[in-house]
K.L.:
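This is the structure I want to talk about, given as structure tokens.
In what follows, every heavy atom counts, from backbone to side chain, and hydrogens, waters and symmetry copies are set aside. Sequence lines set the chain letters: A, B, ... in the order given, protein chains first and strands last, and positions in each chain run from 1.
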Protein chains: 4
Amino acid sequence: MSNHSILDALIAQTKISKKQTDKQQKIVETAVKIFAEKGYANTSTSEIAKDAGVAEGTIFRHYGTKDNLLLSVILPFIKESMPTMAESVFNEILNKDIASFEEFLRALLRNRLQFIKDNKEIFQIVVKEFLYNEGLRNELSPYFTKNIVGRMHKMIEEFKERGELVNLPNEAIAKMIFTVIGGYFISRFVLWQNQPDTNEEAEVENIIQFIMNGITNKSQGN
Amino acid sequence: MSNHSILDALIAQTKISKKQTDKQQKIVETAVKIFAEKGYANTSTSEIAKDAGVAEGTIFRHYGTKDNLLLSVILPFIKESMPTMAESVFNEILNKDIASFEEFLRALLRNRLQFIKDNKEIFQIVVKEFLYNEGLRNELSPYFTKNIVGRMHKMIEEFKERGELVNLPNEAIAKMIFTVIGGYFISRFVLWQNQPDTNEEAEVENIIQFIMNGITNKSQGN
Amino acid sequence: MSNHSILDALIAQTKISKKQTDKQQKIVETAVKIFAEKGYANTSTSEIAKDAGVAEGTIFRHYGTKDNLLLSVILPFIKESMPTMAESVFNEILNKDIASFEEFLRALLRNRLQFIKDNKEIFQIVVKEFLYNEGLRNELSPYFTKNIVGRMHKMIEEFKERGELVNLPNEAIAKMIFTVIGGYFISRFVLWQNQPDTNEEAEVENIIQFIMNGITNKSQGN
Amino acid sequence: MSNHSILDALIAQTKISKKQTDKQQKIVETAVKIFAEKGYANTSTSEIAKDAGVAEGTIFRHYGTKDNLLLSVILPFIKESMPTMAESVFNEILNKDIASFEEFLRALLRNRLQFIKDNKEIFQIVVKEFLYNEGLRNELSPYFTKNIVGRMHKMIEEFKERGELVNLPNEAIAKMIFTVIGGYFISRFVLWQNQPDTNEEAEVENIIQFIMNGITNKSQGN
DNA sequence: TATGAATGAGCATTCATTCAT
DNA sequence: GATGAATGAATGCTCATTCAT
């Protein structure tokens, strides 16, 4: 996990992926499942091979190293998770002048919630490894910054100008939104995955309200 | 990391720790440093031994297993971090009828911020392992729930009655407060530890304001 | 050395042993030699690996644990030693109505003597570990009882009815025969392996005579 | 277990044992118990120390090495078991001209049976280690030969002259007697120690009869 | 005399990786 | 493309032994 830029890897990845053999698909599937469950460092390639019904050599024929297998698992998710957000969410909002920031938040949260529900296990891997694996963190961070933070600032700026947002530094606002939303995702999908299904609708709405208005009782004066 | 209750361990811990030899101290010190840096799973006992200037056997003579060494590193922190909060923060507030919830939040945040600044590395270990190490998570969770959540609910209830807090479920309020504060600590001390010192005063104030009032511009109508 | 029934192991063993690689063969060969010489507990896997000209990992790839290697060495011997005796010796005798018990004894002793001469080293291992290794003893015992003791009783019963044998409990007779024959094997092949070759023919005959007639001088009256 | 003659050790032993401290006594007691149960090679000095309520260093202060502790446990037993037999049994018999060989056997068996019942655990150790520990075997063997075999031969010679014994080599006769008696002891006290108490009187008598007369039905002709 | 902290070689086992088939 | 035998360094841990107090 050291001297390959993530972008290089991405490119290589795209080039290589002419066709995935059945075995390859099975390997990645299995790796996702086990990495999510026990973490990268606690998973052995032999376990993956056995569970995938594949010879251990086959893993290395296709992915070269265990590190590389991790990347092969994570990268498509990253590739998807970042730009998608940009295109389908941000722009969509920016073009509709009727939208409030609250509506934007709601759309963003719902959109990402669905995405993560569709990619629960990979999300678990990314979260865990982002914290545990400094190499990976260093690779993903600039990518994240470049794609997300920039757009978010623009968005905040826009709504600040409309007078909807409090006068805090853009960065502070962005960070707090990410913290609350990210905290929700991590808490729900990584830490307490087996909790019985809660009332998602209400939860989402509470989060939006919290981000917008905090916890102070607004009808205090009444 | 399996069949020892954390409370039992805590008790045993306290009893055993008659005197720590110099070597023991060096071992724990070094373990803290390396675990924090690379994570428990990526740290070998031989590395700890070498860095601590100690024979590898010495580690096992004192701590028995690597798991146990981790606990020996973490438990005093946990022991400190939980009840302390209870006594020195919660009660203090409950007794002063002048206090607002905002003041309580400020005190809580400041108090914990100081504590974590004093125990930066162990905090890093706890955060990382809480996510990565299911066994540890299962041990710490009930302890956390029992000590913190209960008190927090009482506190929220109290201020709800005073009409200061929004009408959301106590749990939802508590969770969001923890998410924001925890997110701040993790972001600052685990993820981006090497960032240049920011304006802490302002940051703390922003967080408080955010929790209390969200991001909506309150002077909107003016 | 605990929770596997020997019968299960036997079955598994037979199934697995599709083909043995050269290295596997070398490992077992070497293990037999060293276990026999120094005992299981005093033999390290690294010594076996070195002597076998194999990487230590190779042992574990094929046998999983040191315990398992011991079983892999012993089981084929056990499998052979028990039923063979049943089929080829017992039945053979039972079908010839001319046979005397003495002839049966002679056939039995000769047959087993040859078998052990052909498997000297494994016999040494089995004897030593049967005494030293309670787990192994507990596994082998019932198997031994089931296969040997039953048949022996039937045999003794048969010859008792022919009036050839003394009126002692079958069990007592069987036990003494085993003690004398087993004692001979152990003494000759385990305890004093390096004694110069004695007159085997005479020795066998002495044993038979001893079992049949004891040490009393029968021509006493003359 | 290498370059000390057992006789030297015996002497040294005798000299040293001025006074045994309480701790020493506890150590030997505990060592006997655990060696008997699990075998020398499978017992760690730390386990002995813990069970004996003694610091590990104390064992080494008194016995120097683990090997030496084993000897300290075994030697008094050997010292006792050999000469005692000589004095109290052999001579006793030799002086009474009325005695038959059968009576001698009975006296010998009873005498040794009692001795072993009084020293069950050490007997277990000696048997196991005699087989497992080549060094120990090489040390004990000559001692055994010198003390026992010689006397036994004399005894057999004596009764051969009286016409009581079969015309087999003295050695063969001695060996078979030892095998049967030793086999009984080992079977009863080492292999199946937990068997419910059998009818000892009858068992002893069966053994004597077996040694004297074998298993042939003597009243065949009737 | 007794302690117990410290040692470091040794142990069984795991693991990512290589390579001939 | 896929296999699976083979590797050997590394790992967590044990153990007999030493030595200052």
Side-chain angles (χ1 to χ4, degrees), chain A residues 19-24 26-27 41-50 53-69, chain B residues 18-24 26-27 41-50 53-69, chain C residues 18-24 26-27 41-50 53-69, chain D residues 19 21-24 27 41-50 53-69:
Chain A
K19 312 143 202 165
Q20 265 201 324
T21 63
D22 289 357
K23 302 273 179 182
Q24 265 186 86
K26 204 73 185 59
I27 289 168
N42 300 318
T43 302
S44 72
T45 50
S46 90
E47 188 182 356
I48 296 170
K50 205 184 304 169
V54 160
E56 211 171 341
T58 308
I59 294 178
F60 289 89
R61 157 157 270 276
H62 288 298
Y63 302 97
T65 64
K66 194 189 164 195
D67 268 12
N68 217 330
L69 174 59
Chain B
K18 312 160 189 178
K19 311 143 202 163
Q20 265 200 324
T21 64
D22 289 357
K23 301 271 179 182
Q24 259 184 92
K26 204 76 185 54
I27 289 168
N42 300 319
T43 302
S44 73
T45 49
S46 91
E47 188 182 355
I48 296 170
K50 209 181 301 168
V54 158
E56 205 170 347
T58 308
I59 293 178
F60 290 92
R61 156 162 267 273
H62 288 299
Y63 302 97
T65 63
K66 195 188 162 196
D67 267 13
N68 217 330
L69 175 60
Chain C
K18 310 162 190 178
K19 311 145 203 164
Q20 266 200 323
T21 64
D22 289 357
K23 301 271 179 183
Q24 260 185 90
K26 204 75 186 56
I27 289 169
N42 299 319
T43 303
S44 74
T45 50
S46 92
E47 188 182 357
I48 295 170
K50 209 180 301 169
V54 157
E56 207 169 346
T58 308
I59 294 178
F60 289 92
R61 156 161 268 273
H62 288 298
Y63 302 97
T65 63
K66 196 189 163 196
D67 267 13
N68 216 330
L69 175 59
Chain D
K19 312 141 202 165
T21 64
D22 288 357
K23 300 272 181 183
Q24 265 185 85
I27 290 169
N42 300 319
T43 302
S44 73
T45 50
S46 91
E47 189 182 355
I48 296 170
K50 205 184 304 167
V54 159
E56 210 170 343
T58 308
I59 294 178
F60 289 90
R61 157 156 271 277
H62 289 298
Y63 302 96
T65 64
K66 194 189 164 196
D67 269 11
N68 217 330
L69 175 59

K.L.:
Rounding to a whole Å, what distance do you find between D:Lys50:NZ and F:dC15:C1'?
P.N.:
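That distance rounds to 12 Å.
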K.L.:
What are the two closest non-hydrogen atoms of C:Tyr63 and C:Gln20, and how far apart are they?
P.N.:
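Smallest interatomic distance, heavy atoms only, reads OH-NE2, 3.6 Å.
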K.L.:
Please state how far atom CG in B:Leu69 lies from atom C1' in F:dG12, giving the value in whole angstrom units.
P.N.:
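These atoms are roughly 12 Å apart.
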K.L.:
Which of the following nucleotides, F:dT3, F:dT7, E:dA12, is nearest to the side chain of A:Lys23?
P.N.:
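For the A:Lys23 side chain, the nearest candidate turns out to be F:dT3.
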K.L.:
Does A:His62 have a side-chain nitrogen or oxygen under 4.0 Å from the phosphate oxygens OP1 or OP2 of F:dA2?
P.N.:
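For F:dA2, OP1 or OP2 has a side-chain N or O of A:His62 closer than 4.0 Å.
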K.L.:
Tell me: NZ of C:Lys26 to C1' of F:dA6, nearest whole Å?
P.N.:
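Computing the C:Lys26:NZ to F:dA6:C1' distance gives 16 Å.
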K.L.:
Whole angstrom is fine here: how far is it from CG in B:Asn42 over to P in F:dG12?
P.N.:
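For the pair B:Asn42 CG and F:dG12 P, the rounded distance is 11 Å.
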K.L.:
Toss me the dot-bracket line for DNA chain F: Watson-Crick and G-U wobble, both under 3.5 Å, 5' to 3', using | for pairs to another strand and [ ] for crossers.
P.N.:
.||||||||||||||||||||
K.L.:
Quick check: on DNA chain E, is the nucleotide nearest C:Thr43 upstream (toward 5') of the one nearest D:Ala55, or the reverse? Name the residue that is more 5'.
P.N.:
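Counting from the 5' end, the first nearest nucleotide belongs to D:Ala55.
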K.L.:
Just verifying a value: how many Å separate B:Glu47 CD and B:Asn42 CG, rounded to the nearest 0.5 Å?
P.N.:
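Answer for the CD-CG pair, B:Glu47 versus B:Asn42, is 10.0 Å.
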K.L.:
Rounded to the nearest Å, what distance is computed from the CG atom of residue A:Asn68 to the C1' atom of nucleotide E:dA16?
P.N.:
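The distance from CG of A:Asn68 to C1' of E:dA16 comes to 13 Å, rounded to the nearest Å.
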K.L.:
Decide whether D:Thr45 and D:Glu56 meet the rule of one side-chain donor and one side-chain acceptor closer than 3.5 Å.
P.N.:
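Yes, because at least one side-chain N or O of D:Thr45 sits under 3.5 Å from a partner of the opposite role on D:Glu56.
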K.L.:
With side chains defined as the heavy atoms from C-beta onward, is the minimum distance between A:Ile48 and A:Lys66 less than 4.5 Å?
P.N.:
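The answer is no; the side chains never approach within 4.5 Å.
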K.L.:
Identify all pairs in which a protein N or O lies below 3.5 Å from an N or O of nucleotides 17-21 of chain E, and state each distance.
P.N.:
{"from": "E:dT17", "atom 1": "OP2", "to": "A:Lys66", "atom 2": "N", "distance (Å)": "2.8"}

K.L.:
B:Gln20 has an atom CD; how far is it from atom C1' of E:dG4, in whole Å?
P.N.:
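That distance rounds to 16 Å.
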K.L.:
Starting at OG1 of C:Thr65, measure out to CD1 of C:Ile59 and round the result to the nearest 0.5 Å.
P.N.:
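Spacing of OG1 (C:Thr65) from CD1 (C:Ile59) equals 11.5 Å.
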K.L.:
Students often get this wrong, so: under 4.0 angstrom with heavy atoms, is A:Thr21 touching a base, only sugar-phosphate, or nothing?
P.N.:
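Result for A:Thr21 = sugar-phosphate.
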K.L.:
Out of curiosity, D:Ser44 OG to D:Lys50 NZ, how far, rounded to the nearest 0.5 Å?
P.N.:
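Reported value, rounded in 0.5 Å steps: 7.5 Å.
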K.L.:
For A:Ser44, report the nucleic acid contact type (base, sugar-phosphate, nothing); a contact means any heavy atom under 4.0 Å.
P.N.:
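Result for A:Ser44 = sugar-phosphate.
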K.L.:
C:Ile48 has an atom CD1; how far is it from atom P of E:dA12, in whole Å?
P.N.:
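Atom-to-atom, C:Ile48 to E:dA12, this comes out as 8 Å.
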K.L.:
Which atoms form the tightest heavy-atom contact between A:Ala49 and A:Ala55, and what is the distance?
P.N.:
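Heavy atoms only, the tightest pair is CB-C, 4.1 Å.
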K.L.:
May I have the distance from C:Gln24 (atom CD) to F:dA6 (atom C1'), rounded to whole angstrom?
P.N.:
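My rounded result for the distance is 12 Å.
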K.L.:
So which atom in B:Thr58 and which in B:Lys23 form the shortest heavy-atom distance, rounded to 0.1 Å?
P.N.:
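Minimum heavy-atom contact is CG2-CB, 4.4 Å.
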